[in-house]
Amino acid sequence: MTLYFLCLVLFCIGLYGVLRKRNIVKIIIGIGIIEYSMNLFFVLLGYKLHGRAPIDAQNQDILNMVDPIPQALVLTSIVIGLGITALLISIAIRIYDKYGTFDITKIKRLKG
Amino acid sequence: MIDNPKNGMSLLVKTITRITVGLILLFGIYIVLHGHLSPGGGFAGGVIVALSLVHLILAFGREAKVAKISMNLASNLESLGALMFLSVALLGFLGGTFFLNVLNKGLPFKLFSAGTIPFSNISISIKVGVGLFAIFLALIILEGTKRKR
Amino acid sequence: MSNPIFITYFVIIPLFAAFFISLAGKYIKRLYVDAISSVFCFLLLVFSLYGVNVLHKLGGVLVYKIGGWVPPFGICMVLDGLSSFMLVTVNLVAFFICVYSVSYMEKYTDKPKFFTLFFLMLAGMNGLVVTGDLFNLFVFLEIASIASYALVAFGTEAEELEASFKYAIMGTVASSFIFIGIAFLYGFTSTLNMADMARVLTTKTNTLLLPFTAVLFLMGFGLKAALVPFHAWLPDAHPSAPASISAMLSGVLIKTLGVYAMIRIFFNILGITNIYLSAMMFLGGLSLITAVILALSQWDLKRLLAYHSISQIGYIFLGIGLGTPLGILGGLLHLFNHSVFKSLLFLNSGAIDYAINTRDLKEMSGLKEKMPVTANTNLIASMSIAGIPPFNGFFSKFIIILACIQKGFMGYALVAVIGSLLTLSSFMKVQKYAFLGELKEKYKNIKEVPMAMKVSMVGLALICIFGGFMLLPSLKFFLNSAVNVLLEGRGYAQVVLEAAAK
């Protein structure tokens, strides 16, 4: 039970990074922490007491495995996170070219 | 490879890289091919294959021959990987439904078993690997043109 | 005839088109790229209309089991009344926008990449509407969202990059909330199939977990749909995109990713209660009035249209949140109408931008003599959004206000009427400043926009004019089937599982 609670604490740390930090790269790192905490939470949901890894080998029987479905879903989610991080970093590099700074309080041309 | 001390990292790193790049590439291909038997599969194997190429550029600097692979080739290979995956899925139509596993499914736990799953793994690994490498190339080429200004 | 294999074409065709254009776009002539994309969009439109026809004759749902695996072990694609309604909306607007961007995107570099991203976004939206599995919905949501983040930054000017960055960060946080909600639901019901989950949730409930998950989904999908506390990305992101992408984002993306996903999960899986309905109505009414007041002070044409998008989404949530058949009918009809006339408004602003290179309302005047097609279609779309009979906007707004009064919510009806009046005044301002008046000296040489843009604008305007005909008894089955899916709530599970077992 405490494991799930700690995952949500990690999520809140990442959310703090997105909300309060001023440097663009630190915001991207905050988003990365949010994604890792979500994936960890989802994998931990499938745990069975004294379960072993869900790999089917030739001379072992299928009893007592942890749930393999969250592991397959988290694989997809990790790749989605990779795609988003790559996109955000290339946008951040182009923003540095155009604005000259990484500080989001100075990147405020759109208002109203 | 260029032994020029101005490019890339130190001589120690370059020597070790010459030995380990082949091993990393081989390890990546092993994970892709055994995707239906052990953990891994297309995504993880593709990332490791991409990392072996990134390793080369990191060690040998921007002028290494592998960085001269143009963006065109990388982009074409990536689309080709995606189209291969789609055609593997469409092969299921031959059997009746979308994405059905149509090829011979062999005996379990052998390398040549599980129907169309190894082909999906291979096409996904091409797409993810080349895509990741193309992202890395785009970022360093952008850095390079900025520094020239 | 009732072979459901054509449901897969909605996902296969855009994916194939995206990667094929990415590969072949460098080697074949520009004309062929344009022609191929238009042909693919038209094929999708034909298949969606065929789907409506098949459902009308069959009277049930169509389920396609991917790979032959029976749900709940496999992923299935479900075509019911609501899905076919959304498919027609999405593909119709996408076809017109594709024809428009054939000549609009000449001003930007690299058209093959644009069409790749466009078809990926379309594949994501189509897949989200058709799927019957909750995690598959999340994956298609992410595909469409990431493609739209890249499309907003397509011009790579300074302001576009800033808008795209803000949109991407907020969208990613919203997607993570949705992912946690899906994780909680999977942990509680141990299945991912939507029909199976609805069946399990009728038997076991939890008074603490399910409302928490509902709040998470409200936050996540509310940000994708731009409800009012979560709307801050929209006035920056929609003006910065190229005009055809603004039309696509404002017209269909916020509706499939936000409204459709939320009502599918709330009505059919979690089970609707009065608390959720009143939350939706409150947020809808708040969006209505806040956004339309904020839009009164805008001088940038596309930013004004973006604020009106937020306000009209408020109308849709107000209608659906009523819960009565008349209210849901009004909400869904307004969803279709708003896709059509808001896309037309954004395409008009794109045409103005193409001709005179500015979006500021103070700079333009008297464009009516030089650009008659743009001016007339803009007049039709403005009268639609303000709710003037006999255009289609009038019918949907009238039904929503009538449904509010029927259920006794006089306050919300008053808010809706005030919002409508303020919308009218805002668009009178647009008409006055942009089209009427004297033509400025520097604009004496502008011409009307090219033929492809004119064709798509006239096509959408015709649908605006004749959209009211959808309420005729012979054509009303289109909307009624969608309304019935939402009203039967968790009975969706029974219908789908039966059709899947055949």
Side-chain angles (χ1 to χ4, degrees), chain A residues 4 7-8 11 14-15 17-19 24 27-28 30-47 67 69-70 72-77 79-100 102 104 106-112, chain C residues 73 133-136 138-139 141-143 145-150 152-153 156-173 175-188 190-192 232-233 235-237 239-240 294-295 297-300 303-304 306-307:
Chain A
Y4 302 134
C7 278
L8 291 179
F11 180 85
L15 200 59
V18 170
L19 292 173
I24 282 188
I27 294 180
I28 298 179
I31 294 251
I33 295 180
I34 287 179
E35 278 162 14
Y36 296 158
S37 80
M38 280 167 13
N39 293 336
L40 189 61
F41 179 70
F42 207 173
V43 172
L44 282 177
L45 272 183
Y47 180 65
D67 197 358
I69 287 188
L73 304 176
V74 160
L75 205 62
T76 312
S77 176
V79 176
I80 292 176
L82 163 78
I84 289 192
T85 307
L87 184 67
L88 284 175
I89 293 207
S90 35
I91 294 181
I93 291 183
R94 292 292 206 121
I95 285 185
Y96 186 72
D97 274 343
K98 306 275 180 181
Y99 284 87
F102 269 138
I104 57 164
K106 298 196 175 44
I107 306 180
K108 273 207 290 196
R109 280 193 211 167
L110 289 170
K111 21 177 167 244
Chain C
F73 297 118
D133 180 273
L134 201 57
F135 195 76
N136 210 7
F138 176 72
V139 170
L141 180 99
E142 287 293 309
I143 294 178
S145 299
I146 298 182
S148 67
Y149 305 152
V152 167
T156 64
E157 299 292 320
E159 288 160 359
E160 305 187 15
L161 290 170
E162 173 195 343
S164 170
F165 188 74
K166 273 193 228 179
Y167 176 31
I169 297 283
M170 289 184 157
T172 307
V173 172
S175 298
S176 66
F177 280 129
I178 297 173
F179 189 62
I180 294 185
I182 294 181
F184 274 128
L185 273 183
Y186 173 71
F188 189 60
S190 76
T191 174
L192 281 172
W233 55 273
D236 289 332
S240 312
L294 281 172
S297 65
Q298 299 296 326
W299 289 104
D300 183 356
R303 213 173 158 93
L304 187 145
Y307 273 113

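Convention: sequence-line order gives letters A, B, ...; per-chain numbering from 1.
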> Side chain, backbone, both or neither: which part of C/Ser240 has a non-hydrogen atom closer than 4.5 Å to chain A?
Replying inline: side chain
>> In the structure I gave you, are the side-chain heavy atoms of A/Lys106 and A/Tyr99 within less than 4.5 Å of one another anywhere?
In response: no
> Rounded to the nearest 0.5 Å, how far apart are CD1 of A/Ile91 and CD1 of A/Ile93?
Replying inline: 11.0 Å
>> Can you tell me which of C/Ser190, C/Ala183, C/Ala150, C/Ala153 forms the most heavy-atom pairs within a distance under 4.5 Å of chain A?
In response: C/Ala183
> Is there a side-chain contact between C/Tyr186 and A/Ile69, using heavy atoms and a 4.5 Å cut-off?
Replying inline: yes
> Of the backbone (N, CA, C, O) and the side chain (C-beta and beyond), which part of A/Ile95 lies under 4.5 Å from a heavy atom of chain C, both, or neither?
Replying inline: both
>> For chain C, which candidate among A/Leu15, A/Leu73, A/Asn39, A/Ile104 shows the most heavy-atom pairs at distances under 4.5 Å?
In response: A/Leu73
>> ring pair (Phe, Tyr, Trp, His ring centres under 6.0 Å) for C/Phe184 and C/Phe179? Distances and angles first, verdict last.
In response: CA-CA 9 Å; C/Phe184 274 128; C/Phe179 189 62; over 10 Å; no
> Is there a donor-acceptor contact under 3.5 Å linking the side chains of C/Glu142 and C/Ser175?
Replying inline: yes
>> I want to check something: taking the side chain as every heavy atom from C-beta on, are C/Trp299 and C/Leu304 in contact at a cut-off of under 4.5 Å?
In response: no
>> Quick check: under 4.5 Å, non-hydrogen atoms only, which of residues 81-89 of chain A neighbour chain C?
In response: A/Ile84, A/Leu87, A/Leu88
> Once you round to the nearest 0.5 Å, how far does OH of C/Tyr149 lie from OG of C/Ser145?
Replying inline: 4.5 Å
> Under a 4.5 Å heavy-atom cut-off, does chain C meet the side chain of A/Leu45, its backbone, both or neither?
Replying inline: side chain
> Say you draw a straight line from SG of A/Cys7 to CZ of A/Phe42; how long is it, rounded to the nearest 0.5 Å?
Replying inline: 12.5 Å
> Would you say A/Tyr36 has more than 12 foreign heavy atoms packed within less than 6.0 Å of its OH?
Replying inline: no
> In terms of heavy-atom pairs under 4.5 Å, which option from C/Glu157, C/Glu159, C/Glu162 contacts chain A the most?
Replying inline: C/Glu162
> Non-hydrogen atoms of chain A under 4.5 Å away: do they reach the side chain of C/Ile143, the backbone, both or neither?
Replying inline: neither
